[in-house]
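Below, read A as the first sequence line, B as the second, and so on, with proteins coming before strands; counting in each chain starts at 1.
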Amino acid sequence: MSNASGSAAAQSAQASEKPQQYDVAEIEARWLPFWEEDGTFEVDPDDTRERRYVLDMFPYPSGDLHMGHAEAFAIGDIPARYARLRGYNVLHPIGWDSFGLPAENAAIKNDAHPADWTYTNIDTQAASFKRYAISADWSRRLHTSDESYYRWTQWLFLQFHRRGLAYRKDSPVNWCPKDQTVLANEQVVDGACERCGTQVTKKALNQWYFKITEYADRLLDDMEQLAGRWPERVLSMQRNWIGRSTGATVRYEVEPAEDGADVEPIEVFTTRPDTLYGVTFMVVAADAALAEQLVTEEHREELARYRAALGSVSDIERQSADRERTGVFLGRYAAHPLTGERLPIWASDYVLADYGTGAVMAVPAHDQRDLEFARTMGLDVRVVVDTGEEDPAVSGTATAGEGTLVNSPAWEGLGKQEAIARAVDVLAERQLGQATVNYRLRDWLLSRQRFWGAPIPIVHCPSCGEVPVPEDELPVRLPADLRGEQLAPKGQSPLAAASDWVTADCPSCGEPATRDTDTMDTFVDSSWYFLRFLDPQNDERIFDSSEADRWMPVDQYVGGVEHAILHLLYARFFTKVIHDMGLIRFDEPFKALMNQGQVLNGGKAMSKSLGNGVDLGEQLDAYGVDAVRLTMVFASPPEDDVDWADVSPAGSAKFLARAWRVAQDVASAPGTDPTSGTAALRAVTHRTVHEVEQLLEDQKFNVVVARLMELVNAIRKEIDSGAGAADAAVREGAEVTAQILSLVAPYTAEDMWAMLGHEASVANSTWPTVDEALLVEDTVTAVVQVKGKLRDKLEVSTDITADDLEARALALPKIQKYIEADGGVRKVIVRAPKLVNVVTG
RNA sequence: GCCCCCAUAGCCCAAUCGGCAGAGGCAGCUGACUUAAAAUCAGCACAGUCUGGGUUCGAGUCCCAGUGGGGGCACCA
């Protein structure tokens, strides 16, 4: 670390009269420029100490910083600053996720270019971040909308494309009518657009996808590495989202068509191959091509009518469970693979076109949906698993539990699990099917019909088809001259209207061709930014692999739980692909994850519509940066929400002033040997450090603050009514206070450190070494219970023997009285030196 | 419907292994200082741990059932 000449610390230390009172504005004004000039938090590339990478999820530049940012970054700064104090070489970078729709909407409204709004907001936020005193390395700052960044986003796309992991297909996709763009499954919440809340519709479009499904198993199985270091609920959400289910594929032959032509067999996926003998009919997804292929001429019109009717049913209605079952008979029959029985084939909307094979074998006795359909349509119900429950045909409730297989010649009498295994074997032997794994996870739809994103670097050529833009021609830049109304949503990308831009020579044959006009989902940008932070200025490569070896994976990632699936799953996927490309050796990007809670006001999330927003800037002006940060950290454990109505930034400011005055009162000279100080206070100080180390490890940051308050109280007492301000233990305590406080309240801590006569910065000071001898107490209060109830106490030496302790406890008059009253001693439990429990009667 | 998490003082929250229910703060009250107030300092009070069972010498902590709150998934075959 470099040291700026004429440091503020030196000036402050030299000034013989210390500042008279705690003045927040003055303290902020003193230290903010110092850190910047000093480069206190910049990473030294030649530093060979052990490394730590601490990362906060980078912000989206929507206006200025708000209370949510304040909480997240106050919390994320703690592990970064603590690692620094423990002597690690710490990377703690900052950047902006700066592509995205709001910039575009603002540009349309203001007749401007999205870059104007974006970079203005970034400047505003950057200034606020600096004031907020995050210990970030500003020299590595990046913005995903910079050409120097999205060039590499495009480069990655090309690598995915080359590996067959980026492809186009026609498919019914989620379409937001308001934003006029497609959405990924992950961006549809309860049938509505995650961003604007508009009901999402389906639209058949040709779109780009990333083949994340090819990584489903690894994404699921590698979560083992994360267990215990990621919040369990995030892992469970990802597990649910990937939704692996194991079962079997079964092939059903279909009767020939009217003209005698063969009809392709139907394949179905089932998790319950044991119920094969209970199949009484087949159902295919009404909206799948399969339904059309299977329907007989006689029923074609009926199917068409049914499909037309479905178009008007919303996803919400469709998914409601208590809806009546509908469907049409297709006129055709399949053959049961084991019994040859004729099974009528139906089409219904309760079977999903894009899960499994889009067709199911219906086992109404043991599947509730099939049962409801069977009862509605008057189809057979055949019990093949005896669970001891009432006949589903009578009760209307399918029995899905454990039981004994019946009416199933090939596996009669087996239990459910054995029967499943046996069924898979039988199917495989007779070549009628095989064990199969299915996923809920779908491929990631990444193209967007919007402007403010990274253009997809593909050229469409009439003769060569889909041609990647050569890597040395990257980036494919966004046109700088589109603005205002030209960016308004029209159902196709605004880039399509930029005719100069669209026209390109085919990189393969040189003939006139057109550029792909879609841009990438902004989640693509954020799926790899943590790697670019390692080497943000590299023009030659996406990043230097040796830097990745040195820093990655991220030791501590901090961000909101709202990204539990989207960003975190995508980033894990990208990391695995980049690993497979040979650029990195690890395949999980974030070793540990911490989710901070939200900031609420009056029990509710702050929002404009509720009018309960709290302005961060006003809070900072009123109480100071340190007090706001301290309040965020002290209010509750990091993962819990903070309700601003329940906390007291004024109380935090009061504590900071109290801590500051302790440093101001210290009357001994810098460098005074602490061992000459009062032992009792020294013990408190060292016990505090010891405990704080564990609390930081356990991420109980709120308790760290509480312990610090106790320490300050103890020092205050020593100054006022103990050994006095000149005692060496008082100095030691004040220095430790400044160091621990620096994790949360850097301005105050820095000022205290300077008042105590140290060179700045406290952020790079050495964490105190705990003197184990001071932790040992020579006496302890032993508790004496009678029948588990506290009856008396004893002051005893910590090394007292069990026998001694028992004897002393039994000799206590009070205890004697209880023993007599309760009929004598039956048993004595001794846990020396802390507890004796006398069992009477 | 399925799965997960939580419940301690008026409020936010502590409580290594099962061992004194309370560390810290907010709000409240009393006193000192002050002409007064603010600030500051000193001190005080408040719950028996959501309910009901169980295990144990002993349960906030472990087990079972329930209530209340939060979250995730949900026609995924």
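With a 4.5 Å cut-off on side-chain heavy atoms, A:E562 and A:H567 do not count as touching. Side chains of A:N240 and A:I565 form no contact here, defined as non-hydrogen atoms less than 4.5 Å apart. Counting heavy atoms from C-beta on, the side chains of A:T748 and A:Y22 come closer than 4.5 Å.
Taking 4.0 angstrom as the limit, A:K654 places a side-chain polar atom (N or O) nearer than this to OP1 or OP2 of B:C26. Contact annotation: A:S245 reaches the phosphate of B:A77 (side-chain N/O to OP1 or OP2, under 4.0 Å). Residue A:Y355 places at least one side-chain N or O under 4.0 Å from the OP1 or OP2 atom of B:A77.
To the nearest angstrom, C1' of B:U56 lies 14 Å from CG of A:L835. To the nearest angstrom, P of B:A14 lies 14 Å from CD of A:E691. Note: CG (A:N702) to P (B:A15) measures 8 Å, nearest angstrom. To the nearest angstrom, C1' of B:C3 lies 17 Å from CZ of A:R244. Put simply, NZ on A:K700 is 13 Å from C1' on B:A23, counting in whole angstrom units. Atom CD1 of A:I719 is separated from atom C1' of B:U40 by 14 Å (rounded to the nearest Å). The separation between A:N595 atom CG and B:G71 atom C1' is 12 Å, rounded to whole Å. Look at CG on A:N601: it is 15 Å from P on B:C12, rounded to the nearest Å.
Look at B:G19: its Watson-Crick or wobble partner, with both distances under 3.5 angstrom, is B:C57. Of the nucleotides present, B:C44 is the one that pairs with B:G28 by Watson-Crick or G-U wobble criteria, both distances under 3.5 Å. When both distances must be under 3.5 Å, the Watson-Crick or G-U wobble mate of B:C50 is B:G66.
The residue A:V360 sits close to a base: some heavy atom pair falls under 4.0 Å. At a threshold of 4.0 angstrom between heavy atoms, the contacts of A:R442 include nucleobase atoms, whether or not backbone atoms are also involved. Heavy atoms of A:R233 sit under 4.0 angstrom from primed sugar atoms or phosphate atoms, though from no base atom. Heavy atoms of A:S648 sit under 4.0 angstrom from primed sugar atoms or phosphate atoms, though from no base atom.
Two residues, A:D640 and A:R661, neighbour RNA chain B, and the one matched to the more 5' nucleotide by heavy-atom proximity is A:D640.
Using atom P as the reference point in both B:U51 and B:A9, the two lie 11 Å apart (nearest Å).
For A:Q785 against B:G19, a side-chain N or O and a base N or O form a donor-acceptor pair under 3.5 Å. Within 3.5 Å, no donor on the side chain of A:K827 pairs with an acceptor on the base of B:C57, nor the reverse. Between the base of B:C75 and the side chain of A:R325 there is a donor-acceptor pair shorter than 3.5 Å. Not a single donor-acceptor pair, N or O on each side, falls under 3.5 Å between the base of B:A77 and the side chain of A:R272.
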Verdict with supporting geometry, A:W644 and A:Q619, side chain to side chain donor-acceptor pair (under 3.5 Å) | CA-CA 11 Å; A:W644 204 248; A:Q619 298 294 310; 3.1 Å; yes
